[in-house]
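Taking it in order: structure first as structure tokens, then the write-up.
All values below come from the heavy atoms of this structure, side chains included, with hydrogens, waters and symmetry mates left out.
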Amino acid sequence: MKVAVFSTQPYDQASLDKSNQNFNHEVVYHETALGEKTASLASGFPVICVFVNDQLNENVIRTIAANGTRLIALRCAGFNNVDLKAAAAAGITVCRVPAYSPNAVAEYTLGLVISLQRKIHKAWLRVREDNFSLNGLVGNDLYGRTIGVVGTGNIGALVARSFQAGLGCEVIAHDVVENPDLVSIGVKYVSKDELLRRADVVCLHCPLLPDTQHLINADSLKTTKPGVVIVNSGRGSLVDSAALLDGLESGHVGGAALDVYEKEKPLFFRDLSEKIVRDHTFQRLITLPNVIVTGHQAFLSREALNSIADTTLTNIAQFEKNDGHVEKSNIVTAS
Ligand code: NAD
């Protein structure tokens with residue numbers, strides 16, 4: 001198949017090229033993201049391969065459909081950036097990689113929480129300057145703390161299990177469906193309100209949907225425990241960043257670990273070190289001592305990249321071989 005890949009980073013190309021030795025798709029790589037201004041680059045490609053910050057709104061979908069695209073192959077799990085109704089109306093199939101390495105994201109999330117709680121990010125900076133003072137580095141044990149996990153799918157279940165069975169925390173969870181394996185190890189499902197009221201650490205692992213957008217906002221933060229830690233490795237818009245910043249500045253929120261940010265699109269996946277970043281909320285957040293921000297990196301393990309490449313190219317091969325049919329569990333449709 002002729003495939004146009006958007007938002008290509010060197011590590012994407014390396015893993016896709018390696019996997020493509022087994023498929024021989026005709027792949028063209030674009031560094032640029034897909035959006036209204038770049039949609040013409042998809043012209044003549046029956047398949048486009050996109051990532052988290054490519055924008056596939058109704059206009060883009062109409063343009064690519066008119067230019068011959070029949071399959072949108074997401075090389076990620078989330079699909080909030082695709083107008084699925086517009087894709088269905090245009091006769092375009094949308095597929096994704098539902099579970100490339102949930103371990104990659106879960107392990108990274110644990111790393112963020114432990115770093116923040118034990119101030120490892122601050123200690124690392126001090127030691128680089130030969131400052132071995134421990135003053136100001138007193139942390140908190142996680143053992144015995146209450147961890148609230150919102151969304152216990154592939155990633156959230158691993159996070160919940162690690163905190164509950166590995167670190168001796170009390171895990172409370174909220175999801176629209178309960179995972180019996182988690183219940184059997186002692187995880188308790190509670191309402192979202194109860195979770196926010198009781199958790200010392202809130203970890204967000206649900207998809208970004210209309211009803212989860214700004215799940216953490218000024219009102220919901222008011223109901224949280226003083227000192228609560230907010231952890232987001234899901235999608236940026238699960239958190240109202242301005243409200244989170246207010247909560248941190250007032251001292252009510254004790255810390256935040258963010259691998260995603262609601263206005264990350266013009267920032268992440270590029271080197272802006274010589275530029276002026278004009279997003280004041282973001283700039284303020286990254287200066288706070290009790291905040292760790294990383295640039296949507298939780299997925300980035302070698303195992304995950306290989307798995308993403310293999311599943312994406314398999315989806316495309318199935319689409320070609322089976323006259324437009326892809327493994328059902330990898331298809332995304334409007335609900
Ligand atoms: P998943 O589909 O396996 O699990 C999502 C869970 O959220 C499901 O159990 C679902 O029932 C639940 N859910 C749906 N609506 C909910 C609601 N309103 N309230 C509470 N729970 C709800 O997905 P996953 O593979 O575990 O990934 C979770 C999210 O993590 C993805 O949607 C994606 O946005 C994000 N993600 C981020 C990275 C990263 O690099 N930071 C990488 C992969 C995935």
Side-chain angles (χ1 to χ4, degrees), residues 1-8 12 16 19-20 23 25-30 32-36 38-102 105 151 153-155 206-213 234-237 260 265 296 299 304 307-335:
M1 291 295 269
K2 278 181 75 180
V3 184
V5 179
F6 288 86
S7 299
T8 312
D12 295 316
L16 284 165
S19 178
N20 198 31
F23 295 94
H25 295 301
E26 197 181 323
V27 183
V28 172
Y29 293 102
H30 297 291
T32 186
L34 179 64
E36 295 194 4
T38 55
S40 60
L41 291 171
S43 187
F45 286 87
V47 183
I48 59 155
C49 176
V50 293
F51 196 51
V52 294
N53 285 331
D54 291 298
Q55 280 307 314
L56 291 105
N57 63 19
E58 195 178 353
N59 285 342
V60 171
I61 287 183
R62 271 210 223 104
T63 306
I64 63 172
N67 290 336
T69 295
R70 291 160 45 226
L71 177 68
I72 295 169
L74 287 154
R75 54 180 194 281
C76 52
F79 46 86
N80 51 285
N81 52 335
V82 183
D83 184 332
L84 295 173
K85 285 197 179 120
I92 293 181
T93 302
V94 183
C95 63
R96 65 174 178 143
V97 186
Y100 43 87
S101 172
V105 183
N154 291 305
I155 296 167
C206 56
L208 176 60
L209 301 165
D211 65 325
T212 59
Q213 174 148 22
R235 283 288 181 268
S237 294
V260 287
K265 191 167 176 280
H296 208 137
F299 74 100
S307 174
I308 289 170
D310 288 346
T311 306
T312 302
L313 297 183
T314 302
N315 284 341
I316 295 168
Q318 283 178 350
F319 183 82
E320 181 179 28
K321 192 169 154 216
N322 302 332
D323 196 24
H325 293 288
V326 180
E327 166 74 42
K328 211 170 159 204
S329 55
N330 294 357
I331 295 276
V332 200
T333 48
S335 52

Looking at [atom1] of [X] and [atom2] of [Y], how far apart are the two atoms once the value is rounded to the nearest 0.5 Å?
X	Y	atom1	atom2	value
Phe79	Leu84	CZ	CG	6.5 Å
Leu34	Ser40	CG	OG	9.5 Å
Ser43	Ile64	OG	CD1	11.0 Å
Ile155	Cys206	CD1	SG	11.0 Å
Phe299	Ser101	CZ	OG	11.5 Å
Ile61	Thr63	CD1	OG1	10.0 Å

Apply ring pair (Phe, Tyr, Trp, His ring centres under 6.0 Å) to Phe23 and list each qualifying residue two or more places apart in sequence or on a separate chain. His25
Of all residues at least two apart in sequence or in a different chain, which pass the ring pair (Phe, Tyr, Trp, His ring centres under 6.0 Å) check with Phe6? His30
Looking at [X] and [Y], what are the two nearest heavy atoms and their distance?
X	Y	result
Ser7	Asp54	OG-OD1, 2.7 Å
Val60	Gln55	CG2-O, 3.5 Å
Asn81	Val52	ND2-O, 3.1 Å
Ala42	Thr69	O-OG1, 3.9 Å
Val260	Gly234	CG1-O, 3.6 Å
Tyr100	Ile308	CG-CG1, 3.4 Å

Please tabulate, one pair per line, all N/O donor-acceptor pairs under 3.5 Å involving side-chain atoms of residues 85-96, not counting sequence neighbours.
residue : atom : partner : partner atom : Å
Arg96   : NH1  : Ala77   : O            : 2.9

Mind checking what makes side chain to side chain donor-acceptor pair (under 3.5 Å) contact with Asn53, not counting sequence neighbours? Glu264
Hits for side chain to side chain contact (heavy atoms under 4.5 Å, CB included) against Glu26, two or more places apart or cross-chain, chain-then-number order -> Lys2
Check the pair Asn315, Asn330 against side-chain hydrogen bond (donor to acceptor under 3.5 Å, both in side chains), reporting the backbone distance first and the verdict last. CA-CA 8 Å; Asn315 284 341; Asn330 294 357; 2.9 Å; yes
Check whether any side-chain N or O of Thr212 sits under 3.5 Å from a backbone N or O of Pro207 as a donor-acceptor pair, and report yes or no. yes
Are any of the side-chain heavy atoms of Ile48 and Leu56 separated by less than 4.5 Å? yes
What pairs meet the salt bridge (Lys or Arg N to Asp or Glu O under 4.0 Å) rule with one or both residues in residues 55-73, with sequence neighbours excluded? Glu58-Arg62
side-chain contact (heavy atoms from CB on, under 4.5 Å) test vs Leu16 passes for just one of Val27, Val5, Asp310, namely Val5
Please assess His325 against Phe319 for the test side-chain contact (heavy atoms from CB on, under 4.5 Å), listing each intermediate value before the final yes or no. CA-CA 5 Å; His325 293 288; Phe319 183 82; over 6 Å; no
